[in-house]
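Encoded as structure tokens, the structure appears first; notes follow it.
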Amino acid sequence: MRDLQLSLNQTQRVRLEAALHELQTVAPAAAVTVADTIPVNDEDNILKGHGTSDQDGEVVATLCGVVERVNKLVYVRTLRARYKPEVGDIIVGRVIEIAPKRWRLEINFSQDAVLMLSSMNLPDGIQRRRTAVDELNMRTIFEENDVICAEVRGFQHDGSLHLQARSQKYGKLERGQLLVVPAYLVKRRKQHFHHLEQYDVDLILGCNGFIWVGEHVVVGENANMMENKLNLSAEVENFTPLETRKHICRLANAVRVLSALGFTLTVELIIETAEASVSSNIEINNMLGAEFYVQTAEREVKRRADLLRKKSGAR
Amino acid sequence: MVGLSEGEKHFIRGGIAQDLRTDGRRRLQFRAISVETGVIPQANGSARVRLGATEVIATVKDIVQIEVDPAAAAEINAKLTVAVQIEVVVVMRGDDDGEETRKRQRWGEERGCGDDGRGRDEPCGRLSWGNQAFFILIKGKFPFLLIVAQLQHPCLRVEVLKNFLLSSVLHCKDAYSVVKVGQVCWDLYIDGLVVSSDGNLLDALAGAIKVALSDTGIPKVNVSLSATTDEEPEVDVSDEEFLQFDTSSVPVIVTLTKVGKHYIVDATSEEESQMSSAVSVSVNRHGQICGLTKRGGAGLDPSVIFDMISVAKHVSRQFISVLDSEILAAEAAG
């Protein structure tokens with residue numbers, strides 16, 4: 001909300017404030033700011049974790065964020081912090097360096113992630129020995145600045161983060177745009193790759209807050225990557241079809257609006273937002289205007305209220 | 001300083017060719033603009049302009065300057081000093097390579113602004129080079145990344161802002177007619193601050209200066225001349241009475257960035273990284289061209305430039321009206 005870069009008129013401001021107030025009451029967040037007291041039961045023995053401090057017998061937050069409780073441990077999870085990887089996370093990253101036998105990737109973690117040549121399937125899919133020749137040809141697979149998606153494999157003993165890409169679905173992402181949102185907006189789910197068939201668009205919600213919206217690529221076509229590349233330079237007019245591009249832009253703007261409002265990004269919500277913009281005849285670039293922000297906030301209020309009603313009804 | 005992959009670059013170029021850019025805009029559409037006035041209470045006038053993720057603040061400070069040299073002062077009724085500062089955290093993306101860096105360094109040395117060794121540091125060098133097309137450097141205040149342009153400097157590179165600001169001063173005759181020409185003159189200090197940069201800085205800065213000038217109140221000045229001309233005149237600056245600049249004829253700058261065969265307005269920094277060249281045209285309300293500058297390595301055909309100028313004229317009309325309505329809205333809110 002803080003970085004909402006638009007000018008609202010009087011009614012829009014009132015409506016937005018009302019919607020946000022409503023959100024607060026629908027789901028009172030366990031969010032704290034610095035110097036807020038965190039309510040704890042004194043009889044329990046609690047462990048003070050990150051972002052907490054003892055002040056006159058009270059547990060006080062030293063960071064802004066959400067209070068998390070795991071058994072006895074109480075800590076504050078900051079929202080605007082960098083991404084904290086967990087094993088198995090699907091991430092989208094950008095290659096920043098090619099080192100011997102490995103690529104270094106920027107993934108919004110406190111250090112660069114490492115993707116070893118030996119922990120990925122080569123694009124042709126054939127099992128090969130990782131020879132010196134492969135090593136010399138690494139740049140034909142991923143170059144600097146390439147956007148790729150991979151999975152978190154684990155931490156090495158020296159604390160560095162290793163990735164793996166042992167499947168056809170991982171690899172280079174082309175023909176689309178990368179959006180960067182705060183990592184806390186992407187929740188870990190079963191599915192992070194989404195092929196939206198009705199739009200012919202691939203949507204990848206990286207756990208690190210890097211979101212890829214691009215033209216759909218059939219899995220296994222990566223093998224033809226090299227040929228494609230040759231075509232690319234020869235035939236510049238090999239662009240994404242306009243219809244698909246419209247869908248990509250609409251979905252990307254939906255992500256931008258939702259992340260600016262601080263709503264958790266799920267594929268359902270993104271599609272719903274994009275569809276809502278179509279049904280209310282809002283042009284793609286006007287999705288970033290003030291009116292659509294307010295509408296999105298109001299729609300989210302309604303959605304959460306409905307959800308709450310259903311829950312209480314079920315009980 | 002994040003680069004883009006070939007795939008993304010291709011996508012951006014394709015979007016521009018198909019008239020649908022990555023954020024859904026068409027080629028000649030601006031991002032959402034928002035304007036606030038009076039953001040700096042210490043200044044006589046100030047404005048904050050946001051153009052998408054680009055955010056700039058401009059302030060105007062006016063000081064009555066007593067000219068000791070009447071010959072020089074007779075020429076100018078108001079002196080202008082423009083300084084633009086870029087926040088150190090603002091990372092400017094550039095399409096630079098080793099050659100550019102070396103050029104930059106040479107450029108810095110020629111102007112004697114690298115003598116403390118700091119000027120040659122990479123980020124400072126990049127920032128100054130990125131802006132030298134519009135501002136010239138007088139003092140190598142590199143720790144603050146201060147870029148200063150002074151009107152009297154005989155350098156063609158400031159043509160755009162020079163014309164831009166000259167016309168803005170020429171249209172506030174009421175304001176300085178109260179000051180005795182030849183002895184006292186206004187000294188206007190215009191400062192720009194780039195808070196965050198996502199492309200199209202020049203247009204945003206020019207817009208911010210225009211709004212800041214419209215927000216500026218010039219105090220009424222009474223000059224009582226003493227009997228002997230040698231003595232300094234007595235200047236009485238009023239606290240209550242203010243004169244406003246008439247900024248309706250202050251021009252705006254429209255930058256057309258050429259990517260592939262087409263050109264776009266209000267390029268984001270990602271789009272700017274794909275540009276072959278960019279033409280900044282400063283146009284006033286009447287469609288008169290007040291300044292023109294070009295950057296980028298690639299050459300332009302004269303017919304293309306004329307075409308760009310006519311497009312810029314057309315676009316500027318909308319931009320001025322948007323800016324004017326935003327000024328009115330900001331004044332009403334303030």
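Note on naming: letters A, B, ... go to the chains in the order of the sequence lines (proteins, then strands), and numbering restarts at 1 for each one.
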Which heavy atom in [X] sits nearest to a heavy atom in [Y], and how many Å separate them?
X      : Y      : value
A:R245 : B:G14  : NH2-C, 3.3 Å
B:G24  : A:N285 : O-CB, 3.4 Å
B:D23  : A:N253 : O-ND2, 3.0 Å
B:T22  : A:R256 : O-NH1, 3.8 Å

- Query: What part of B:Q29 is in contact with chain A, defined as an atom under 4.5 angstrom from a non-hydrogen atom: side chain, backbone, both or neither?
  - Reply: side chain
- Is chain A contacted by the side chain of B:R31, its backbone, both, or neither, given a heavy-atom distance below 4.5 Å? neither
- Query: Do any N or O atoms from the side chain of A:D146 and from the backbone of B:S5 form a donor-acceptor pair under 3.5 angstrom?
  - Reply: no
- Message: For B:H10, is there any backbone N or O sitting under 3.5 Å from a side-chain donor or acceptor partner on A:E174?
- Response: no
What's the separation between atom [atom1] in [X] and atom [atom2] in [Y], rounded to the nearest 0.5 Å?
X     : Y      : atom1 : atom2 : result
B:Q18 : A:E243 : CD    : CD    : 11.0 Å
B:R21 : A:I284 : CZ    : CD1   : 13.0 Å
B:R26 : A:E283 : CZ    : CD    : 8.0 Å

- Note on the structure: Given A:A252, A:C249, A:G176, the one with more heavy-atom pairs under 4.5 angstrom with chain B than any other is A:G176
- Check each atom of A:I248 against the heavy atoms of chain B and say whether the ones under 4.5 Å are side chain, backbone, both or neither. side chain
- Query: Hey, is CZ on A:R15 packed in by over 12 heavy atoms from elsewhere, all under 6.0 Å?
  - Reply: yes
- Would you indicate whether A:H195, at its atom NE2, is surrounded by more than 12 heavy atoms from other residues, nucleotides or ligands within a distance under 6.0 Å? yes
- Message: If we define contacts as heavy-atom pairs under 4.5 Å, which of B:R25, B:K9, B:E8 has the most with chain A?
- Response: B:E8
